[in-house]
S.K.: 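Dumping the structure here so I can ask a few things about it.
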Amino acid sequence: MAPSFPGSGLAKGLAVTLRTMTRKTVTQQYPEAQPELPPRTRGVIGLFEENCTVCMLCARECPDWCIYIDSHKETVPAAVPGGRERSRNVLDRFAIDFALCMYCGICIEVCPFDALFWSPEFEYSETDIRDLTHERDKLREWMWTVPAPPALDPAAEEPKELGAARKTAEKLATAARREREQEAGE
């Protein structure tokens with residue numbers, strides 16, 4: 001242990017204060033100047049309504065039960081004569097109570113149809129807590145603030161699925177070319 005003299009802690013504290021006082025301040029003037037947010041900022045959840053199939057996975061997996069979904073079934077006529085009628089779910093209400101939401105992102109991860117996205121929007125405060133339940137119209141507006149996905153890394157490996165598909169396509173093209181050559185040779 002290093003020997004300490006009386007008042008050494010006070011001297012260290014004053015040294016830190018002096019260093020801090022001589023540095024330039026980095027205060028951001030928030031309302032006038034918008035902050036530079038990181039690309040993966042979690043602000044609010046945006047809804048891409050066209051992709052929602054009302055599967056209810058997001059509402060079931062939400063640990064806070066802050067997602068409210070209402071729907072009804074609608075019959076779709078047969079596409080071809082003699083075909084079978086289909087039924088599909090139609091979204092009536094999609095709301096998220098941001099007073100309850102803990103911004104865990106589970107709903108976004110479990111959505112199999114990419115209907116939910118993180119938006120960097122963070123200015124959605126209300127004077128009454130009951131107004132923090134935002135309906136699908138507001139969630140749709142936030143969808144347009146969602147940034148585009150990052151570009152793929154050019155040095156990354158090609159996905160195995162693409163490589164397998166390319167090999168299959170090359171085999172089919174080679175077989176078709178050989179078949180044409182055989183037909184032309186006969």
Side-chain angles (χ1 to χ4, degrees), residues 20 23-77 79 85-166 169:
T20 305
R23 289 188 191 147
K24 184 181 177 190
T25 59
V26 290
T27 303
Q28 294 182 357
Q29 304 300 321
Y30 162 61
E32 293 82 29
Q34 291 295 320
E36 187 69 33
L37 298 173
R40 295 180 60 184
T41 298
R42 290 184 175 190
V44 293
I45 298 169
L47 171 68
F48 190 54
E49 194 173 337
E50 291 77 17
N51 285 359
C52 184
T53 61
V54 196
C55 66
M56 307 287 277
L57 276 174
C58 54
R60 280 186 293 205
E61 295 296 324
C62 179
D64 290 333
W65 292 73
C66 65
I67 300 175
Y68 310 108
I69 300 174
D70 292 330
S71 68
H72 69 275
K73 288 210 181 272
E74 193 174 81
T75 303
V76 180
E85 289 183 338
R86 305 279 180 177
S87 67
R88 67 179 182 120
N89 291 326
V90 177
L91 185 65
D92 293 329
R93 178 180 187 223
F94 193 104
I96 299 177
D97 187 353
F98 286 104
L100 295 175
C101 183
M102 64 181 187
Y103 304 92
C104 63
I106 292 174
C107 56
I108 295 170
E109 291 175 18
V110 300
C111 182
F113 301 103
D114 290 333
L116 298 173
F117 294 90
W118 280 118
S119 167
E121 186 69 34
F122 63 92
E123 295 174 320
Y124 57 96
S125 62
E126 300 288 344
T127 55
D128 188 4
I129 196 168
R130 292 173 290 206
D131 295 333
L132 282 173
T133 300
H134 295 291
E135 298 293 330
R136 69 181 181 179
D137 296 335
K138 187 68 173 174
L139 300 175
R140 188 181 320 115
E141 287 177 26
W142 285 329
M143 185 61 211
W144 308 120
T145 64
V146 172
L152 296 176
D153 184 7
E157 285 184 23
E158 181 181 60
K160 294 176 184 172
E161 295 86 356
L162 287 179
R166 182 174 293 112

S.K.: What distance separates Ile45 CD1 from Trp118 CH2, expressed to the nearest 0.5 Å?
M.R.: 4.5 Å
S.K.: Could you list the residues that satisfy salt bridge (charged side-chain N to carboxylate O under 4.0 Å, His left out) with Glu61, not counting sequence neighbours?
M.R.: none
S.K.: Quick one: salt bridge (charged side-chain N to carboxylate O under 4.0 Å, His left out) pairs with a partner in residues 138-147, sequence neighbours left out?
M.R.: Glu49-Arg140, Asp137-Arg140, Lys138-Glu141
S.K.: Residues two or more places apart in sequence or in another chain: which of them pass salt bridge (charged side-chain N to carboxylate O under 4.0 Å, His left out) with Arg166?
M.R.: Glu158
S.K.: Which residues pass the ring-ring contact (aromatic ring centres under 6.0 Å, His included) test with Trp142, not counting sequence neighbours?
M.R.: Phe98, Tyr124, His134
S.K.: Is it true that, when you exclude Ile106 itself, more than 12 heavy atoms of the residues, nucleotides or ligands shown sit nearer than 6.0 Å to its CD1?
M.R.: yes
S.K.: Given the rule in the side-chain contact (heavy atoms from CB on, under 4.5 Å) test, do Asn51 and Cys111 qualify, once you have shown the distances and angles that lead to the verdict?
M.R.: CA-CA 10 Å; Asn51 285 359; Cys111 182; over 6 Å; no
S.K.: For Asp64, enumerate each residue passing the side-chain hydrogen bond (donor to acceptor under 3.5 Å, both in side chains) test, keeping only those at least two apart in sequence or located in another chain.
M.R.: none
S.K.: Between Lys73 and Ser87, what is the shortest heavy-atom contact and its length?
M.R.: CD-OG, 4.4 Å
S.K.: Quick one: which residue pairs count as a side chain to side chain donor-acceptor pair (under 3.5 Å) with a foot in residues 90-102, not counting sequence neighbours?
M.R.: His72-Asp92, Arg93-Glu135, Asp97-Thr133
S.K.: Is the count of non-hydrogen atoms from other residues, nucleotides or ligands lying under 6.0 Å from Glu32 atom CD greater than 12?
M.R.: yes
S.K.: In chain order, what residues pass the side-chain hydrogen bond (donor to acceptor under 3.5 Å, both in side chains) check against Thr41, with sequence neighbours excluded?
M.R.: none
S.K.: Mind checking whether Leu116 and Phe94 have side chains closer than 4.5 Å, heavy atoms only?
M.R.: yes
S.K.: Any idea which heavy atoms bring Met102 and Pro63 closest together, and the distance?
M.R.: CE-CG, 3.3 Å
S.K.: Drop me the distance from Cys62's SG to Tyr68's OH, to the nearest 0.5 angstrom.
M.R.: 8.5 Å
S.K.: Identify, with sequence neighbours excluded, every residue that meets salt bridge (charged side-chain N to carboxylate O under 4.0 Å, His left out) alongside Arg23.
M.R.: none
S.K.: Apply side chain to side chain contact (heavy atoms under 4.5 Å, CB included) to Glu85 and list each qualifying residue two or more places apart in sequence or on a separate chain.
M.R.: Thr75
S.K.: Which residues satisfy the side-chain hydrogen bond (donor to acceptor under 3.5 Å, both in side chains) test with Glu123, sequence neighbours excluded?
M.R.: Tyr30
S.K.: Run the numbers on Phe122 and Leu37 for side-chain contact (heavy atoms from CB on, under 4.5 Å), then give the verdict.
M.R.: CA-CA 10 Å; Phe122 63 92; Leu37 298 173; 3.8 Å; yes
S.K.: Listed by chain and number, what are the salt bridge (charged side-chain N to carboxylate O under 4.0 Å, His left out) partners of Asp128, not counting sequence neighbours?
M.R.: Arg130
S.K.: Going by the rule side-chain hydrogen bond (donor to acceptor under 3.5 Å, both in side chains), which residues pair with Glu74 if we only count those two or more places apart in sequence or in a different chain?
M.R.: Arg88
S.K.: Could you measure the distance from the CG atom of Leu100 to the CD1 atom of Ile67? Nearest 0.5 Å is fine.
M.R.: 11.0 Å
S.K.: Starting from the C-alpha separation in whole Å, work towards a yes-or-no answer on side-chain contact (heavy atoms from CB on, under 4.5 Å) for Leu91 and Ile69.
M.R.: CA-CA 8 Å; Leu91 185 65; Ile69 300 174; 3.8 Å; yes
S.K.: Has Thr25 got a side-chain atom pairing as donor or acceptor with Thr27's backbone, closer than 3.5 angstrom?
M.R.: no
S.K.: Quick check for you: to the nearest 0.5 Å, what is the distance between Ile108 atom CD1 and Arg42 atom CZ?
M.R.: 7.0 Å
